[in-house]
Amino acid sequence: MLDKKIVDLINSQINKEFYSSFLYMDMANFYTDESLNGFANWFNIQTQEEYAHAMLFIQYLQLNGEKVVLEAIAKPTGAYKNHKAPLTEAYEHELFVTKSINDIYAVAFELKDFKTMQFLDWFVKEQAEEEQNVDELCKRYDLFGADARALYMLDQELGARVYSPPSLVV
C-alpha cells in the first residue's frame, strides 16, 4: 500500500493531467478556427499524450490497491489574443506540471517510497522533453511567425507530427 500523502498527490496529479488534455484540446480548437491545422494537430497530439499520462497514474494507483478519485476538470479560459498566446500558455503550463511531479517525487523521497520514485522517473524525463518541445516551438514561432510563408511551412511541419503512445510499463 502507498502512503496516503502519495495517494492524495497522485489523485491530484490525475486531475492535472486530464486538465492538461482538456487545455490542449482547447488550444487545438483555437488553431483549427484560425486555419492553422498543423498547430491544431500538434496540440491534438499533446491532448492524447496528457490523457495517456493521466491513465498511467490511474493504473499505478490501481495496481497498488489504491482508490482513484476523479475531480471536476476546470474549464480552460480559451481567450487567446494571438497565435503565440497558446504557445506561451502551454509552456507555462508545462512548468506547472513539472513542479507538481517534482513535488510528488520530493514526498516519495522523504517517505523512502522507492517504488513511486522509480515510477515517477519516467515522468521527470518526460516533463523535461515537454518543456523543451514547447520552448522550441515558441522560439520557432518567434523566428517565423511574422512571415506568412515561413508560418505556412512551420504549420505544415507541425501537421506531420504523429502520436506515439508512451512506452512506460507500470
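Because only heavy atoms are used, hydrogens play no part in the values below, and waters and symmetry mates are left out as well, while side chains stay in. Residues take their numbers from the sequence shown, with the count starting at 1.
Side-chain polar atoms of Asp121 and Tyr105 form a donor-acceptor pair below 3.5 angstrom.
Counting only distance, with no hydrogens or angles, the side chain of Tyr31 and the backbone of His83 share a donor-acceptor pair below 3.5 Å. At distances below 3.5 Å, at least one donor-acceptor pair connects side-chain atoms of Ser20 with backbone N or O atoms of Lys16. Although no hydrogens or angles enter the test, the distance criterion places a donor-acceptor pair under 3.5 Å between the side chain of Tyr60 and the main chain of Thr116. A donor-acceptor pair is defined here as one N or O able to donate and one able to accept, closer than 3.5 Å; such a pair exists between the side chain of Asn82 and the backbone of Lys84. A donor-acceptor contact shorter than 3.5 Å is absent between the side chain of Asn37 and the backbone of Ala40. Looking at Asn64, its side chain never comes within 3.5 Å of a backbone N or O of Leu2 through a donor-acceptor pair. Without hydrogens or angle criteria, Asn11 side chain to Lys67 main chain gives a donor-acceptor distance under 3.5 Å. A donor-acceptor pair under 3.5 Å links the side-chain atoms of Asn41 to the main chain of Arg161, judged by distance alone.
With rounding to the nearest 0.5 angstrom, the SG atom of Cys138 is 11.0 Å from the CD atom of Glu89. Here Asp113 contributes atom CG and Lys5 contributes atom NZ; the two are 12.0 Å apart, rounded to the nearest 0.5 Å. Here the CE-CD1 distance, from Met117 to Ile6, works out to 10.0 Å after rounding to the nearest 0.5 Å. Annotation: the span from Asn44 atom CG to Ser21 atom OG amounts to 9.5 Å, rounded to 0.5 Å. Within the model, atoms OG of Ser12 and CD1 of Ile104 stand 7.0 Å from one another, a figure rounded to the nearest 0.5 Å. Interatomic distance, Glu49 CD to Glu129 CD, rounded to the nearest 0.5 Å: 9.0 Å.
Side-chain contact between Phe18 and Ile58 is present, with at least one heavy-atom pair separated by less than 4.5 Å. In this structure the side chain of Lys139 never reaches within 4.5 angstrom of the side chain of Leu143, judged on heavy atoms. At least one side-chain heavy atom of Arg140 sits less than 4.5 Å from a side-chain heavy atom of Glu157. A heavy-atom distance below 4.5 Å is not found between the side chains of Tyr91 and Glu136. Residues Phe114 and Lys112 form a side-chain contact, since some pair of their non-hydrogen atoms from C-beta on lies under 4.5 Å apart. Residues Glu130 and His53 are in side-chain contact: their nearest non-hydrogen atoms beyond the backbone lie under 4.5 Å apart. Side-chain contact between Asp155 and Phe144 is absent, with no heavy atoms from C-beta onward closer than 4.5 Å. Counting heavy atoms from C-beta outward, Lys115 and Phe119 have side chains that stay 4.5 Å or more apart.
Cluster membership for Met153 and Leu36, using ILVMFWY side-chain heavy atoms within less than 4.5 angstrom, is not shared. By the criterion of side-chain heavy atoms lying less than 4.5 angstrom apart, applied directly or through intervening Ile, Leu, Val, Met, Phe, Trp or Tyr residues, Leu61 is grouped together with Leu111 in one hydrophobic cluster. Criterion: ILVMFWY side-chain heavy atoms under 4.5 Å apart, direct or through other members. Under it, Met55 and Leu70 are part of a common hydrophobic cluster. Taking hydrophobic clusters as Ile, Leu, Val, Met, Phe, Trp and Tyr residues chained together by side-chain heavy-atom distances below 4.5 Å, Tyr152 does not share a cluster with Leu87. Residues Trp122 and Val124 fall within the same hydrophobic cluster, defined by Ile, Leu, Val, Met, Phe, Trp and Tyr side chains chained together at heavy-atom separations under 4.5 Å.
Surrounding CZ of Phe109 are at most 12 heavy atoms belonging to other residues, nucleotides or ligands under 6.0 Å away.
Separation of the Phe43 and Phe30 ring centroids does not fall under the 6.0 Å cut-off.
In plain terms, the two heavy atoms of Glu17 and Val97 that are nearest each other are OE2-CG1, 3.8 Å. Across all their heavy atoms, Ile45 and Tyr163 have their closest contact at CD1-N, 3.7 Å. Phe22 approaches Lys75 most closely through the heavy-atom pair CE2-CA, 4.2 Å. Residues Tyr19 and Ile73 come closest through the heavy atom pair CA-CG2, 3.8 Å.
Between Phe39 and Tyr141, the ring-plane angle classifies as perpendicular under the 30° and 60° cut-offs.
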Side chain to side chain donor-acceptor pair (under 3.5 Å), that's the test. Do Tyr80 and Asp26 meet it? Break it down for me.
CA-CA 10 Å; Tyr80 308 114; Asp26 188 55; 3.1 Å; yes

Derivation and outcome, side-chain contact (heavy atoms from CB on, under 4.5 Å), residues Val134 and Trp42:
CA-CA 10 Å; Val134 180; Trp42 195 89; 3.6 Å; yes

Show your reasoning for whether side-chain contact (heavy atoms from CB on, under 4.5 Å) applies to Val107 and Asp3.
CA-CA 10 Å; Val107 172; Asp3 187 281; 5.9 Å; no

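Checking Gln132, Gln127, Lys99 one by one against Glu94, the side-chain hydrogen bond (donor to acceptor under 3.5 Å, both in side chains) holds for a single residue, Gln127.
Remark: Met25 pairs with Asn29, Thr47 by the side chain to side chain contact (heavy atoms under 4.5 Å, CB included) rule, at least two apart or across chains.
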